[in-house]
Amino acid sequence: MLRRTGRPALTGVLSAALGLAVAQLLAAATRPHAAPLVAVGQAVIDATPTPVKEFAVRTLGTYDKPALLSGIAVVLVMVTAVVGVLSARRPWVAIGGAALFGLAGAAAALSRPAATSYDAVPSLLGAAIAGATLLTWSLPRPATPDRRTFLRTTLLVTGGAVLAGAAAETTRRVRGGAAARSREAITLPAPADPAPPVGVAPGFSSARLYRVDTALSVPRVDVDAWSLRIHGMVEKEMSLSFADLLERPLRERDITLNCVSNEVGGPYVGTARWLGVPLAPLLAEAGVDAAANQLVARSADGMTIGTPVAAVLDGRDAMLCVGMNGEPLPLEHGFPVRVLTPGLYGYAGSCKWVTELELTTFADFDAYWVRRGWAARGPVKTASRIDTPRPFARVAAGKVMISGVAWAQGRGIRTVEVRVDERPWRKAELLPVPSSDTWVQWRYGWDATPGPHTLAVRATDGTGTVQTGERATPFPDGATGWHTITATVE
Ligand SMILES: Nc1nc2c(c(=O)[nH]1)N[C@H]1C(S)=C(S)[C@@H](COP(=O)(O)O)O[C@H]1N2
Ligand SMILES: [Mo]
């Protein structure tokens with residue numbers, strides 16, 4: 001029994017592994033985004049319905065991508081095992097199976113926004129190798145190969161797959177290293193317009209910025225090969241190198257960025273000290289057509305993010321960021337250049353790895369998330385979060401500090417109030433902030449009495465509007481509701 005299905009199954013899986021590893025190696029050496037695993041994973045991400053994506057981000061957080069790759073691997077193993085078993089009797093199944101996988105990989109690679117026709121090659125070559133291996137290995141023979149022959153072939157194919165796989169990984173790292181090295185070589189000029197000094201407790205120094213993007217592998221852009229093209233409804237097209245950007249007056253600001261997918265109380269909000277080139281004067285130089293109302297940013301990995309032109313030009317600190325917290329942008333936060341539009345959720349104003357700015361209209365173009373049902377314009381909603389005590393914490397009776405953050409970029413935060421159980425709302429103390437685009441850190445000294453308690457927070461923005469307590473889901477334009485936790489006082 002094991003001989004009848006175990007061997008053919010293994011034959012199928014190992015032949016596929018060899019083909020896949022060679023395809024990954026070829027792609028790593030030539031066109032990283034054409035690697036079948038990355039291309040298929042990326043195509044799955046793009047095709048995943050929004051609710052499923054939301055669920056994945058909510059339950060898996062940053063493990064969503066490893067989980068996706070593991071899922072693909074499991075499916076691959078199962079399907080190629082079946083192909084192996086079936087082709088032991090019917091050799092055409094080996095050819096058909098390989099062809100299907102090859103075409104799927106090629107189609108996924110070609111569906112990437114920046115694809116060239118060459119990108120089909122790694123998948124097709126890998127499929128040819130997998131098919132040929134499986135076919136010769138499982139070809140009906142006068143006598144079933146003995147155990148020793150089978151073992152030898154198994155070792156050979158496995159060895160080939162492991163070698164090619166390791167070479168692919170090494171190549172990927174070395175190539176990625178070029179981007180990292182180009183980053184190390186950068187010296188950022190001092191800002192012409194430095195951030196205003198912050199008070200006692202800067203609201204950003206220790207906080208790490210969250211990461212949210214659709215990139216299965218972080219785009220590794222070599223800054224020396226990078227340029228930004230400004231085109232579309234402009235009088236004069238422009239192309240800027242990184243050096244061109246650094247020659248312009250740089251502005252430094254402490255700005256809070258948050259994700260539209262963030263649940264009430266969630267982690268996808270953070271503040272950093274950004275260094276960048278103001279966008280408004282750049283657009284003025286390009287001469288924006290009065291009819292253009294959307295600025296579409298495109299990234300090296302094909303993301304599109306549409307921002308109202310009015311938001312970029314209304315005097316807020318919209319910029320092309322080159323630095324974050326005193327360093328060049330980290331690779332995962334958009335190196336070498338990202339857009340940042342304070343007051344808009346990231347999906348609507350903060351394209352990472354940007355390579356293109358196109359002036360167009362909302363009527364003419366739907367950006368990536370808009371095509372998936374999210375609101376075309378993404379102004380941030382006023383929100384607040386309790387960070388301590390943690391939900392369901394047990395704390396000692398007496399003075400307990402309730403603390404957290406609140407944000408309403410552009411409008412600023414005027415007051416934060418805390419409510420314990422059904423008692424009246426009480427004003428929290430706010431730490432000073434450098435600008436209305438920076439979140440506010442707040443705290444409230446609570447005389448905690450034994451028993452279970454419910455704690456809630458709400459903020460009032462700079463226009464005097466109180467944060468709504470009405471619950472809304474993140475889809476389609478951002479969550480609302482008061483962050484409410486329970487804690488037990490002992
Ligand atoms: N190229 C690219 N830029 C992107 C995204 C992306 O998927 N690809 N995600 C956006 C979203 S949804 C958010 S919330 C912010 C997150 O920025 P961060 O990862 O630097 O915190 O980046 C935005 N810019
Ligand atoms: Mo986001």
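Just so we're clear, the structure is a prediction, and the values are computed from it rather than from any experiment.
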Inspect the contact between [Y] and [X] and indicate whether a charged nitrogen and a carboxylate oxygen are less than 4.0 angstrom apart.
X	Y	value
Glu429	Arg443	yes
Arg183	Asp222	no
Lys381	Asp477	yes

Aromatic [Y] / basic [X] pairing, under 6.0 angstrom, 45° off normal:
X	Y	value
Arg338	Trp353	no
Arg372	Tyr368	yes
Arg377	Phe362	yes
Arg253	Trp274	no

Contact summary for [X] and [Y], nearest pair of heavy atoms:
X	Y	value
Pro389	Met401	CD-O, 4.1 Å
Pro336	Val223	CB-CG2, 3.7 Å
Ala297	Val354	CB-CG2, 4.0 Å
Asp254	Thr438	O-OG1, 2.8 Å
Thr382	Ala459	CG2-CB, 4.1 Å
Leu329	Cys321	CD1-O, 3.6 Å

Rounded distance [0.5 Å steps], [atom1] in [X] versus [atom2] in [Y]:
X	Y	atom1	atom2	result
His333	Glu327	NE2	CD	10.5 Å
Cys259	Arg211	SG	CZ	12.5 Å
Arg298	Thr304	CZ	OG1	6.5 Å
Leu455	Ile485	CG	CD1	5.0 Å
Cys351	Leu357	SG	CG	8.5 Å
Asp447	Lys399	CG	NZ	4.5 Å

Establish, from distance only, whether the side-chain atoms of [X] and [Y] form a donor-acceptor pair under 3.5 Å.
X	Y	answer
Thr480	Thr468	no
Thr460	Thr415	yes
Ser384	Gln467	yes
Tyr118	Thr30	yes
Asp364	Gln294	no

Would Arg112 and Asp46 count as a salt bridge (charged side-chain N to carboxylate O under 4.0 Å, His left out) if you check the C-alpha gap in whole Å, the side-chain angles of each, and the deciding distance to 0.1 Å? CA-CA 10 Å; Arg112 305 312 312 144; Asp46 288 352; 2.9 Å; yes
If we only count heavy atoms from C-beta on, is the Val234 to Glu358 side-chain gap below 4.5 Å?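 Sidechains of Glu358 and Val234: no contact.
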Answer yes or no: is there a donor N or O on one side and an acceptor on the other, between the side chain of [X] and the main chain of [Y], under 3.5 Å?
X	Y	answer
Trp425	Arg419	no
Thr307	Ala348	yes
His483	Ile386	yes
Glu252	Pro191	no
Lys352	Ser299	no
Asp437	Gln409	no
Ser241	Asp244	yes
Thr361	Ala292	no
Asp366	Val370	no
Arg316	Ala311	yes

Let me see the working for Val416 and Leu430 under side chain to side chain contact (heavy atoms under 4.5 Å, CB included), right down to the final yes or no. CA-CA 7 Å; Val416 172; Leu430 307 187; 3.6 Å; yes
List the residues meeting side chain to side chain donor-acceptor pair (under 3.5 Å) with Glu169, not counting sequence neighbours, and say none if there are none. Arg172, Arg173
Mind running side-chain hydrogen bond (donor to acceptor under 3.5 Å, both in side chains) on Thr388 and Ser403 for me, showing each step along the way? CA-CA 5 Å; Thr388 67; Ser403 72; 2.7 Å; yes
Verify salt bridge (charged side-chain N to carboxylate O under 4.0 Å, His left out) between Lys427 and Glu417, making sure each step is shown before the conclusion. CA-CA 4 Å; Lys427 269 192 184 163; Glu417 296 165 289; over 6 Å; no
Around atom CZ of Phe55, are there more than 12 heavy atoms of other residues, nucleotides or ligands at under 6.0 Å? no
Give the C-alpha distance, both sets of side-chain angles, the deciding distance and a yes or no for salt bridge (charged side-chain N to carboxylate O under 4.0 Å, His left out) between Lys65 and Asp213. CA-CA 10 Å; Lys65 284 158 199 137; Asp213 52 58; 3.4 Å; yes
Can you check salt bridge (charged side-chain N to carboxylate O under 4.0 Å, His left out) on Asp119 and Arg31, steps first, answer last? CA-CA 7 Å; Asp119 292 353; Arg31 295 264 304 167; 2.8 Å; yes
How are the rings of Trp226 and Phe242 set to each other: parallel, tilted or perpendicular (split at 30° and 60°)? perpendicular
Anything under 30° is parallel, anything over 60° is perpendicular, the rest tilted; go ahead and classify Trp369 against Trp374.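 Answer is perpendicular, since the angle exceeds 60°.
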Side chain to side chain contact (heavy atoms under 4.5 Å, CB included) between Ile45 and Leu216: does it pass, once the steps are laid out? CA-CA 9 Å; Ile45 291 180; Leu216 198 46; 4.2 Å; yes
Go through the steps for Asp387 and Gln441 under the test side-chain hydrogen bond (donor to acceptor under 3.5 Å, both in side chains), then give the verdict. CA-CA 10 Å; Asp387 290 336; Gln441 287 179 293; over 6 Å; no
From CA spacing to verdict: side chain to side chain contact (heavy atoms under 4.5 Å, CB included), Val433, Trp407: CA-CA 11 Å; Val433 284; Trp407 58 93; over 6 Å; no
Side chain to side chain contact (heavy atoms under 4.5 Å, CB included) between Asp317 and Arg251, worked out: CA-CA 9 Å; Asp317 287 323; Arg251 167 192 288 159; 3.2 Å; yes
Under 3.5 Å, which donor-acceptor pairs link side chains of residues 281-290 to any protein atom two or more places apart or in another chain?
{"unit_1": "Glu285", "atom_1": "OE1", "unit_2": "Arg248", "atom_2": "NH2", "d": "2.8"}
{"unit_1": "Glu285", "atom_1": "OE2", "unit_2": "Arg248", "atom_2": "NH1", "d": "3.2"}
{"unit_1": "Glu285", "atom_1": "OE2", "unit_2": "Arg248", "atom_2": "NH2", "d": "2.8"}
{"unit_1": "Asp289", "atom_1": "OD1", "unit_2": "Ala291", "atom_2": "N", "d": "2.8"}

